[in-house]
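Let me begin by presenting the structure, written as structure tokens, before commenting on it.
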Amino acid sequence: MSKTTSDMKTAYDPQAIEAGWYARWEREGLFTADAKSTKPKYTICLPPPNITGELHMGHALNHTLQDICARYRRMAGYEVLFLPGTDHAAIATQNVIEKQLAAEGMTKEQLGREAFESRVAEWYSDVGETIVSQDRILGASLDWTRLRFTMDERYVRSVLTAFVEFYERGWIYRAPRIVNWCPHDRSAISDLEVKWQEHHDTLYFIRYPVEGGGDVVIATVRPETMLGDTGVAVNPNDERYQKLVGKTAILPLVGRRLPIVADEAVEMDFGTGALKVTPGHDPMDYDIGQRHSLDIVNAMNPDGSMNVPGLPYDGLPGVEARKLVVADLKAQGLLVEEEPYTHDVGHCDRCDAIIEPLVSEQWWLRMDKMRDKALAASEAGKVRWHPERYERTYIDWLRGLRDWNIGRQLWLGHRVPVYHCPNGHKTVSVERPRNCGECDSSELTQDPDVLDTWFSSALWPFATLGWPDETEDLRVFYPNDMNSTAREIINLWVSRMIMTGLEFMGEVPFVDVAIHCQVQAADGRRMSKSLGTGVDPRQLIQRYGADAVRAWAASVAMSSQDVRYDESRIEGYRRFCNKLWNATRLVLASGLDGSRAEAPEPYSLELIEDRWILSRLAAARTAVTEGIEGFTFQDSMWAAYAFAWNEFCDWWLEAAKDRLRAHDATALGVAAFCLENLFRLLHPFMPFVTEELWSRMPGGRDYLMRSWWPPDLSLYADGQAELEFSALMDTVEEIRSYRKSITGAPPKGGAVKLELDRGPDWERALSLLAGVAVVHALPPGKPLGLADGSIVFPAVAAADPAVIAKKVAELEKELERVETKLANQEFIAKAPPDVIEKLRERAADLRAAIDRLK
RNA sequence: GGGCGGCUAGCUCAGCUGGGAGAGCGCCAGCUUGACAUGCUGGAGGUCGGGGGUUCGAAACCCUCGCCGCCCACCA
């Protein structure tokens with residue numbers, strides 16, 4: 001499929017070039033993993049995007065990283081499974097649909113459950129398609145034959161099986177506890193789904209009379225919750241209140257008798273040091289209540305309104321109740337003081353409603369055993385984190401882990417596979433049972449709760465491969481090799497995959513965890529659709545090409561800090577594509593053909609530039625490979641970029657142009673060898689342009705994507721050539737600099753006399769690159785000093801004294817610095833000899849250069 | 001309240017185990033040189049957040065302060 005250069009435009013056009021390749025790769029089956037392959041396997045299960053909308057920059061970044069790993073491993077000889085999928089994201093999706101309905105002036109209750117579900121199904125299908133198409137234009141080499149969705153029948157079976165297995169181990173139980181209640185979603189949510197926002201509220205000081213005389217003043221920001229008070233607590237060490245402990249306070253407005261207890265949790269220096277205890281509506285109070293056997297009063301309805309029958313506040317929304325309570329207290333003279341107070345208030349991560357802690361009967365999953373296994377696995381080094389520091393984030397969270405509230409009271413999600421009979425028995429089963437397991441009743445109703453969406457995500461690395469069935473995929477492709485995510489879901493997701501993987505599969509679900517950075521908007525704000533700071537990856541791809549977007553992603557993703565979005569960097573990589581395009585065009589136009597594309601013999605090369613560029617290629621190959629394997633993709637990208645542009649194009653092509661025009665076989669061979677290897681090295685990062693250029697190289701060619709990764713090239717490493725060429729570059733740059741700074745110096749021409757005999761090849765290259773003649777005797781004129789000789793420009797009788805003076809001054813300044821250092825006895829005594837030697841040489845060079853100029 | 005990350009050229013960022021401050025973009029000047037003006041060449045621009053310390057030598061290591069960001073946390 002070799003093509004000619006005649007149809008290569010002078011400018012690279014990503015739109016035109018990228019269009020066809022994805023379909024061709026897919027048609028060839030290059031994305032499809034073969035479970036029967038004898039190659040070593042490499043597995044990545046793409047973190048399933050929430051099916052709540054199209055993919056954003058974070059996804060583009062993350063999917064690119066994984067695709068780099070997948071493509072690299074394929075080339076390196078692995079059988080790669082890169083499995084795609086999407087997550088139903090119960091609570092998030094429900095909110096998206098609810099918002100749409102609200103915009104249409106409707107609620108899901110008005111719509112009805114059935115219509116709501118079909119609306120969701122439609123949404124899933126639309127968004128699913130969008131997501132798939134986005135991954136395609138990005139070039140993600142996903143195995144679409146294995147596309148999964150967390151609501152697929154098979155996946156649902158995995159989820160229910162996990163529930164049943166946990167239940168049978170006795171780890172799932174139902175109990176009333178204080179939970180984070182979202183009044184909007186009318187569901188409990190987990191601690192991790194609560195986000196905290198700063199609020200400016202009022203701290204109210206309220207007097208509670210004490211039986212037998214006296215009173216106690218408490219402070220609260222939520223006076224309405226006092227209606228659910230069942231105690232008052234003080235710190236046992238608080239001398240002010242010692243006398244009160246054991247007495248009883250009377251709850252204003254309600255009249256309830258409140259035991260006054262002593263508890264360490266009470267901070268003496270907050271407020272008055274006395275705390276109203278509301279076990280039904282505050283997590284800390286709940287714990288205090290447990291310790292002192294206080295009653296629990298549930299003073300709130302699921303919609304957040306007050307549940308205080310018999311009181312005037314009954315049924316009022318919280319805010320209204322608060323106003324009324326405060327007014328009543330004031331009227332009775334029990335409101336002692338009000339002061340402004342700033343604190344954090346929990347909001348629902350998905351709908352932003354203020355979370356009301358309340359006691360509710362929920363499904364819980366015991367985490368202690370799984371936590372211990374996960375900790376042990378970490379200790380044994382079974383999971384490697386990149387960057388390493390995130391391991392601590394994860395371990396610290398694990399250590400403080402409490403039981404997981406897995407039940408949700410939502411319309412969307414996996415229904416809890418528990419069936420209740422009229423006699424109060426529970427039957428737990430993956431398949432819907434016909435009869436109650438205990439009393440044989442056939443009147444079974446399924447538990448109304450659904451599971452936390454993260455419960456199903458936790459099973460992703462093996463449920464996607466067929467678990468609980470012992471499928472071939474599961475046997476071959478588990479464990480996965482890497483998982484790549486944003487740090488915000490380390491605890492929500494990564495930790496739970498590790499725990500369930502160990503529990504059900506007996507092995508950690510992946511070896512490497514890569515945590516990529518966050519992309520912020522250009523102004524440093526969070527990228528988000530609602531803020532209007534989001535950037536659509538599809539638009540970027542349209543403007544700059546997928547390759548440019550991917551190269552940018554690779555160059556920022558594993559940065560130690562979050563990066564601000566900077567479009568000029570993406571544009572820079574589009575120019576890089578153009579550079580590759582044109583460098584290839586040049587080589588191809590020089591008459592490269594199949595017979596001339598042999599790999600050069602390592603020891604047969606004569607010319608300095610050839611030896612040098614191949615040595616650089618060998619170094620680039622090592623750096624790119626190490627970058628991918630070490631999850632520092634920016635190092636790979638940088639190494640490939642610098643090799644391609646700053647070494648191959650800027651120097652080698654310039655030095656070899658004449659030989660290429662003359663169809664010199666060696667030059668063509670070196671050019672082809674460099675380009676081919678460069679295409680291989682860049683392919684994981686920039687698959688489209690490399691595949692296209694590869695296809696234009698001579699010879700019958702299979703897909704680059706299916707080709708092999710360059711083996712170690714250190715046979716070409718040539719330290720001597722690097723030294724010599726480096727001296728050559730310095731001299732060329734000196735000469736160019738003179739040309740620009742000396743009036744009358746011509747753009748080409750001039751005679752150089754070298755002090756060292758560098759040999760004819762070096763001299764030829766110098767002559768070519770610097771546009772000078774290398775001579776043994778300088779023509780008349782004022783010689784200008786070079787580090788390695790002198791130059792005389794024609795028509796420049798005398799160099800501009802100002803320029804010379806400036807140059808001398810610069811050199812003298814540096815010489816002074818070096819000499820000061822060398823004069824330092826301590827430096828001479830303690831610095832390593834090679835450092836001293838280098839400095840002495842530098843001093844000598846500087847002195848010589850100054851002499852030549854004077 | 002704990003923990004983590006960041007503060008380097010006008011902007012966005014590299015600088016690994018301490019030995020002559022870098023890139024891309026932008027800016028200035030010069031190039032329609034037969035791959036590329038999406039280019040080439042030269043150049044200007046930096047008290048490496050502040051202050052201490054360790055060291056012959058610190059952008060890098062230690063301490064401290066200051067901002068910015070994130071994660072975790074049951075002080076009403």
Side-chain angles (χ1 to χ4, degrees), chain A residues 5 8 10-13 178 191-192 196 203-204 218-222 225 233 265-278 282-288 341 343-344 357 387 389-390 392-393 396-397 400 487-488 490-491 517-518 520 522 524 526 544 555-556 559-569 571-590 630 632 634-635 638 641-642 646 649-650 653-654 657 660-661 733 736-741 747-748 771 814 817-818 821 824-832 834-836 838-839 842:
Chain A
T5 55
M8 285 181 84
T10 58
Y12 176 62
D13 176 5
I178 192 144
D191 292 347
L192 291 171
W196 298 86
L203 188 62
Y204 300 92
I218 57 87
T220 180
V221 274
R222 299 201 304 153
T225 62
V266 182
E267 297 285 333
M268 287 191 283
D269 49 8
F270 186 90
T272 61
L275 171 72
K276 74 192 245 317
V277 184
T278 321
D282 184 281
M284 186 173 91
D285 293 12
Y286 180 83
D287 289 345
I288 294 175
Y341 184 61
H343 64 140
D344 289 337
R389 66 186 134 94
Y390 288 115
R392 253 192 64 194
T393 306
D396 288 349
W397 182 79
R487 59 174 178 264
E488 62 190 10
I490 289 174
N491 298 328
C517 74
Q518 213 88 46
Q520 303 170 335
R526 213 185 158 75
Y544 304 106
S555 69
V556 302
S559 161
S560 63
Q561 61 179 327
D562 288 344
V563 288
R564 292 192 181 192
Y565 172 69
D566 178 6
E567 206 162 306
S568 73
R569 288 184 74 176
E571 178 160 14
Y573 286 110
R574 185 188 63 177
R575 293 187 195 178
F576 181 51
C577 292
N578 185 60
K579 193 72 178 172
L580 293 173
W581 177 263
N582 277 293
T584 308
R585 218 156 61 86
L586 169 66
V587 171
L588 289 176
S590 305
T632 52
Q634 64 276 20
D635 294 345
W638 166 241
Y641 183 98
N646 306 125
C649 291
D650 286 352
L653 277 181
E654 293 303 326
K657 251 180 195 171
L660 288 175
R661 276 190 207 119
E733 281 168 354
R736 286 176 181 165
S737 180
Y738 273 133
R739 287 196 199 284
K740 295 281 179 178
S741 56
K748 273 194 175 179
E814 199 190 336
R817 249 192 357 242
V818 171
K821 213 164 178 183
N824 182 339
Q825 286 311 308
E826 277 187 294
F827 172 73
I828 299 298
K830 294 182 180 169
D834 59 310
V835 173
I836 298 171
K838 241 173 81 181
L839 218 55
R842 180 80 190 128

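Chain letters run A, B, ... following the sequence lines, proteins first and then strands; every chain starts at 1. Please read these numbers as outputs of a predicted model, since none were measured by experiment.
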Item to check | A:R817 CZ to B:C56 C1', straight-line distance once rounded to whole Å | outcome: 17 Å
Checklist outcome for this item: Applying the 3.5 Å cut-off to both distances, the Watson-Crick or G-U partner of B:U54 turns out to be none
Checklist entry - To the nearest Å, how far apart are A:Y12 OH and B:G39 P? => result 15 Å
Checklist entry - What is the base-pairing partner of B:U47, counting Watson-Crick and G-U wobble geometry with both distances under 3.5 Å? => result none
Next on the checklist: For B:C16, give the paired nucleotide (Watson-Crick: N1-N3 plus N6-O4 or O6-N4; G-U: N1-O2 and O6-N3; both under 3.5 Å), or none.
Outcome noted: none
Item to check | Whole-Å P distance, B:C72 and B:C25 | outcome: 38 Å
Item to check | Mate of B:C36 where both pairing distances stay under 3.5 Å, Watson-Crick or G-U | outcome: none
Checklist entry - C1' atom, B:C27 versus B:C63: distance in rounded Å? => result 40 Å
Next on the checklist: What's A:R392 touching, base or sugar-phosphate or nothing? Going by heavy atoms closer than 4.0 Å.
Outcome noted: sugar-phosphate
Checklist entry - B:A14 phosphate, OP1 or OP2: any side-chain N/O from A:Q561 under 4.0 angstrom? => result yes
Checklist entry - Which base sits across from B:G1 as a Watson-Crick or G-U pair, both distances under 3.5 Å? => result B:C72
Checklist entry - Could you give the CG-to-C1' distance, from A:L660 to B:C36, as a whole number of Å? => result 15 Å
Item to check | Closest non-hydrogen atom pair between A:S560 and A:R389, with its separation | outcome: O-NH2, 3.3 Å
Checklist entry - Whole Å only: how far is the CZ atom of A:R574 from the C1' atom of B:C25? => result 13 Å
Item to check | Closest to the A:F827 side chain, choosing from B:G42, B:C13, B:C56 | outcome: B:C56
Item to check | Side chain proximity check, A:F270 to A:L275, heavy atoms < 4.5 angstrom | outcome: no
Checklist entry - To the nearest Å, how far apart are A:D562 CG and B:U12 P? => result 14 Å
Item to check | side-chain N/O A:R575 vs B:C25 OP1/OP2, d < 4.0 Å | outcome: yes
Checklist entry - Between A:Y641 (OH) and B:G24 (P), how many Å, whole number? => result 6 Å
Checklist entry - If we take the P atom in both B:G1 and B:G18, what is their distance in whole Å? => result 35 Å
Checklist entry - How far does the C1' atom of B:C40 sit from the matching atom of B:U47, given to the nearest Å? => result 35 Å
Checklist entry - Mind checking who B:A59 pairs with, Watson-Crick or G-U wobble, both distances under 3.5 Å? => result none
Checklist entry - Can you tell me how far P of B:U41 sits from NZ of A:K748, to the nearest Å? => result 13 Å
Item to check | Toward the 5' end of RNA chain B, by each residue's nearest nucleotide, A:Y390 or A:Q634 | outcome: A:Y390
Checklist entry - With the sugar-phosphate defined as primed atoms, P, OP1 and OP2, and the base as all remaining atoms, what B/S/- string results for nucleotides 71-76 of chain B, 5' to 3', for protein heavy atoms under 4.0 Å? => result SS-BBB
Item to check | Whichever of A:S741 and A:A522 has its nearest RNA chain B nucleotide further upstream toward 5' | outcome: A:A522
Item to check | Integer-rounded Å distance: B:G24 C1' and A:Y573 OH | outcome: 8 Å
Checklist entry - Checking all strands, does A:S559 fall into the base, sugar-phosphate, or nothing category for heavy-atom contacts under 4.0 angstrom? => result sugar-phosphate
Checklist entry - What nucleic acid atoms does A:P832 come within less than 4.0 Å of, heavy atoms only: base, sugar-phosphate, or nothing? => result base
Next on the checklist: Any side-chain N or O of A:S737 below 4.0 angstrom from OP1/OP2 of B:G43?
Outcome noted: yes
Next on the checklist: When both hydrogen-bonding distances must be under 3.5 Å and the geometry is Watson-Crick or G-U wobble, what is B:C25 paired with, if anything?
Outcome noted: B:G10
Next on the checklist: Closer than 3.5 angstrom, by distance alone: can the side chain of A:D562 be matched with the main-chain N or O of A:Q518 as a donor-acceptor pair?
Outcome noted: yes
Checklist entry - Does the side chain of A:L586 reach to within under 4.5 Å of the side chain of A:K657, using non-hydrogen atoms? => result yes
Next on the checklist: Any non-hydrogen side-chain atom of A:L653 less than 4.5 Å from a side-chain atom of A:V587?
Outcome noted: yes
Next on the checklist: Going by the rule side chain to side chain donor-acceptor pair (under 3.5 Å), which residues pair with A:K830 if we only count those two or more places apart in sequence or in a different chain?
Outcome noted: none
Next on the checklist: With rounding to the closest Å, how many angstrom separate the C1' atoms on B:C11 and B:G2?
Outcome noted: 35 Å
Checklist entry - For A:Q518, which contact category applies under a 4.0 Å heavy-atom criterion: base, sugar-phosphate, or nothing? => result nothing
Checklist entry - Should A:W581 and A:D13 count as side-chain neighbours, where that means a heavy-atom distance under 4.5 Å? => result no
Checklist entry - Taking atom P in both B:G45 and B:G6, what distance in whole Å separates the two? => result 30 Å
Next on the checklist: Taking the side chain as everything from C-beta on, heavy atoms only, tell me whether A:M8 gets closer than 4.5 Å to A:N582.
Outcome noted: no
Next on the checklist: Angle between ring planes, A:Y641 versus A:Y573, binned at 30° and 60°: parallel, tilted or perpendicular?
Outcome noted: perpendicular
Next on the checklist: When you compare the side chain of A:K276 with that of A:D282, does any pair of heavy atoms fall below 4.5 Å?
Outcome noted: no
Item to check | Close side-chain approach of A:K821 to A:L839, heavy-atom, < 4.5 Å | outcome: yes
Checklist entry - Can you check whether A:R564 has a side-chain N or O nearer than 4.0 Å to OP1 or OP2 of B:U12? => result yes
Item to check | Note: A:R736-A:E733 ion pair, threshold 4.0 Å (strictly below) | outcome: no
Item to check | Protein proximity profile, nucleotides 30-35 of chain B - base contact B, sugar-phosphate-only contact S, no contact -, cut-off 4.0 Å on heavy atoms | outcome: B---BB
Checklist entry - If you measure from the C1' atom in B:C67 to the same atom in B:C31, how many Å do you get, rounded? => result 46 Å
Checklist entry - Between B:U12 and B:G52, how far is it from one P atom to the other, in whole Å? => result 28 Å
